[in-house]
Amino acid sequence: MEQYVVFKSHDQFFALPVLLVTRVVETDQFISLPDVPDFVLGVFEYQKHMIPIIDLRRKLFAEFTPTTDATKVILCDWQGSAFGVVYRKYCWN
């Protein structure tokens with residue numbers, strides 16, 4: 001049975017296969033990049049690689065993900081490309 005990492009952004013649930021997820025990190029310290037779309041928050045250095053960080057909420061819903069203690073980044077590797085997705089930690093009730 002395949003497993004997924006489920007996260008919530010803008011009251012929508014998304015899922016990534018666990019096999020694509022490298023790590024979940026707690027950071028908001030990104031290196032800014034000039035001349036990139038506003039949904040690209042910058043890059044994050046991980047294991048000597050620069051990984052672009054994307055705010056999915058900004059890309060899909062035109063709103064930035066608020067930065068709080070619950071803000072996390074899912075680092076992924078998809079089709080040979082690494083990227084990170086920002087989300088707010090969701091607690092199941």
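This one's a predicted model, so the numbers in the text were calculated from it and none came from an experiment.
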Tell me whether the rings of Phe7 and Tyr87 are parallel (<30°), tilted (30 to 60°) or perpendicular (>60°).
tilted
Can you tell me how far the CG atom of Leu56 sits from the CZ atom of Phe39, to the nearest 0.5 Å?
10.0 Å
Rounded to the nearest 0.5 Å, what separation is found between the OG1 atom of Thr22 and the CZ atom of Phe83?
9.0 Å
Both conditions, 6.0 Å and 45 degrees, for the charged tip of Arg58 above the ring of Phe64: are they met here?
yes
Going through the distances and angles, do Tyr46 and Leu75 end up as a side chain to side chain contact (heavy atoms under 4.5 Å, CB included)?
CA-CA 9 Å; Tyr46 178 72; Leu75 301 179; 3.8 Å; yes
Main-chain N/O of Phe14 paired to Ser9 side chain as donor or acceptor, under 3.5 Å
no
Could you tell me the separation between the CG atom of Leu16 and the CD1 atom of Ile74, rounded to the nearest 0.5 Å?
5.5 Å
Given the rule in the side chain to side chain contact (heavy atoms under 4.5 Å, CB included) test, do Val43 and Ile53 qualify, once you have shown the distances and angles that lead to the verdict?
CA-CA 6 Å; Val43 293; Ile53 305 300; 5.8 Å; no
Shortest non-hydrogen pair, Ala82 vs Pro52, comes out as O-CD, 3.5 Å
I want to check something: taking the side chain as every heavy atom from C-beta on, are Gln12 and Phe61 in contact at a cut-off of under 4.5 Å?
yes
Distance check, rounded to the nearest 0.5 Å: Asp55 atom CG versus His10 atom NE2?
11.5 Å
When hydrophobic residues are tied together by side-chain contacts of less than 4.5 Å, even through go-betweens, does Val73 share a cluster with Val6?
no
I'd like to check Phe30 versus Val86 (side-chain heavy atoms, cut-off strictly below 4.5 Å). Are they in contact?
yes
For residues Val24 and Val18: do they belong to one hydrophobic cluster (side chain heavy atoms under 4.5 Å, members Ile, Leu, Val, Met, Phe, Trp, Tyr)?
yes
For the residue pair Gln3 and Pro17, establish whether any side-chain heavy-atom pair is separated by less than 4.5 Å.
no
So OG1 of Thr65 and CZ of Arg57: to nearest 0.5 Å the spacing works out to 5.5 Å
Trp78-Val21 co-clustered via ILVMFWY side chain contacts under 4.5 Å:
yes
Phe44 and Val25, any side-chain heavy atoms less than 4.5 Å apart
yes
Could you tell me the separation between the CG atom of Asp77 and the CD1 atom of Ile51, rounded to the nearest 0.5 Å?
8.5 Å
